[in-house]
**Student:** 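Before we start, here is the structure in question, set down as structure tokens.
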Amino acid sequence: IVSVLKVALILLRLLKTLHGLIIFRSTNSIMVFVNYGGGGYWFFQHAPWNGLMVADLVMPWFVFIIGTSVVLAISSMQRRGVTRLQLLRKITWRTAVLMMLGFCFLNYSPRDGPLSWSWLRIPGVLQRLGFTYFVLSLLQTFWGQTEIPERAVSTSVKNSAHDICLYWPQWLVIIVLEMLWLCITLLMPVPDCPTGYLGAGGIGDGGRYPNCTGGAAGYIDRWMFGDNMYRYPTCKGLYRTVQPFDPEGVLGTINSVVMGFLGMQVSWIIYFSSVSTSAAVLSKCTRDEGFIPVNKNLWSLSYVLCMGSFSFLLLGVMYFIIDVKGWWGGQPFLYPGTNSILVYVGHSLLGFYFPFSWEMHFQESHWEPLLQNLWGTALWVLIAYLLYRKRFFLKI
Ligand SMILES: *[C@@H]1O[C@H](CO)[C@@H](O)[C@H](O)[C@H]1NC(C)=O
């Protein structure tokens, strides 16, 4: 235990010297790989409803590291004397660009017939990342510390309590947001559905609530966006649901902000232990039986806490390997990370065309999809490497 604590202590110097932001970078390549299909293996897919599979791990890591980056980037700009107004302009512009890019991802494929507005998907991954970035940046701009205090990188309960005092307006905002999520999710009446329903609907729960997919979260999105939301939710196959459901919906975005907020914290080990304990209690360490099951579709609180503890662990391990020990420089994941938006948009738009992809002939085995997905991912890493060599970085 003592040596674990020692290692942890080293890890805790985290924010002061962290310059690699390696998770951000490797997450990008993993995301490309799982989006390509992860070799067709079941564990690389998303869980149909409750539960965790590899594809469910990626986006929250990304959101977490957005939180970390926001603190590093904005506090350094504040130290250089950039004013709040200038910061606000920059933050708003970036958010707007991310959202506009997000709207380019439609529910559409050429097989669907003529293109029309009805294929527009209003919520989405980039929209959620953009909004999360926006809120976290505001928190940092108005209530963040410019100097990251030495004592904040410590293990004791007293110091992490001190953190909370130091950043109390941020905590207040986050607590209010989380209360809002809990109240709406658990207490809002939804017509023809049980209050606080967290299931997938369809033939789940004995087929009693076929149109209740996602409970309050699904209801709010359908009310706000109608059909302009995701139409192929992961529960559709297994639960035979008919309602559209968007895994990047409005309600879940609240918890995405909370996830990013965890990435802004420095008292690593206290948060790691409390966050993982709360996740265990909320989910009762089961898939379906907990108070609030771990669920990527809803971005449920237990999912956020569980992924938060993974993120603290991963960031700590990466920090130790890369920054403290210098055993590894983060290659080749470094490269896609320097052009993450380009790679993300690129693989989403071009991903299924030659040479990234080809028509498969051997349906019955995994080796061809695996080869193809690895190939597609490797090509994007290569493209990112070449751009890095040319010092071309798409910044927004
Ligand atoms: C569920 O919705 C579908 C179409 O949206 C409708 O046809 C069906 O009657 C609804 N079922 C129930 C039980 O309300």
Side-chain angles (χ1 to χ4, degrees), residues 35 42 45-53 55-56 59 99 102-128 131 180-256 283 286-303 348:
N35 284 357
W42 64 268
Q45 315 286 320
H46 286 288
W49 192 251
N50 292 336
L52 267 190
M53 293 200 210
D56 300 318
M59 192 175 164
M99 298 236 173
F103 292 137
C104 300
F105 292 82
L106 306 176
N107 277 318
Y108 179 77
S109 85
R111 266 170 300 164
D112 294 326
L115 194 56
S116 74
W117 284 110
S118 63
W119 300 109
L120 180 69
R121 179 186 172 196
I122 299 172
V125 173
L126 292 177
Q127 290 91 319
R128 173 173 283 189
F131 184 80
L180 195 67
W181 186 87
L182 284 169
C183 289
I184 295 178
T185 303
L186 300 178
L187 304 176
M188 191 182 92
V190 177
D192 303 324
C193 299
T195 301
Y197 184 68
L198 296 171
I203 58 168
D205 299 297
R208 273 168 294 158
Y209 320 115
N211 290 343
C212 296
T213 307
Y219 179 72
I220 292 174
D221 289 342
R222 286 192 286 276
W223 175 71
M224 286 179 71
F225 307 127
D227 269 345
N228 290 120
M229 55 195 270
Y230 199 55
R231 297 185 189 180
Y232 320 102
T234 50
C235 54
K236 202 176 173 111
L238 187 61
Y239 291 93
R240 297 203 228 128
T241 58
V242 289
Q243 297 295 336
F245 177 83
D246 203 304
E248 272 79 48
V250 170
L251 203 50
T253 301
I254 292 182
N255 278 351
S256 159
S283 65
T286 61
R287 192 183 66 188
D288 299 315
E289 311 303 323
F291 303 107
I292 298 181
V294 171
N295 187 308
K296 152 78 165 66
N297 290 282
L298 300 168
W299 276 60
S300 62
L301 181 56
S302 50
Y303 171 73
S348 307

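All ligand and atom numbering here is 1-based and tracks the order in the structure. Quick caveat: nothing in here was measured; it's all calculated off a predicted structure.
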**Student:** Check whether the side chains of Ser300 and Asn255 place a donor and an acceptor atom closer than 3.5 Å, and report yes or no.
**Tutor:**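 Result is no, nothing qualifies.
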**Student:** Are Arg128 and Ser256 close enough, and set up right, to give a side-chain hydrogen bond (donor to acceptor under 3.5 Å, both in side chains), and what steps lead you there?
**Tutor:** CA-CA 8 Å; Arg128 173 173 283 189; Ser256 159; 4.7 Å; no
**Student:** With a 4.0 Å cut-off, would you call Arg222 and Asp227 a salt bridge?
**Tutor:**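 Salt bridge: no.
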**Student:** Does a donor on one side chain and an acceptor on the other come within less than 3.5 Å for Asp192 and Tyr209?
**Tutor:**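 Short answer, no.
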**Student:** Mind checking the OH-CG spacing from Tyr230 to Asn297? Nearest 0.5 Å is all I need.
**Tutor:**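 If I round to the nearest 0.5 Å, the distance is 10.0 Å.
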**Student:** Here's a test for you: under side-chain contact (heavy atoms from CB on, under 4.5 Å), which of Ile292, Leu251, Leu298, Leu301 qualifies with Thr185?
**Tutor:**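 With Thr185 as partner, side-chain contact (heavy atoms from CB on, under 4.5 Å) holds for just one option, Leu251.
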**Student:** Heavy-atom contacts with ligand 1 below 4.0 Å: which residues, ordered by chain and residue number?
**Tutor:**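 Residue list for ligand 1: Pro210, Asn211, Gln243.
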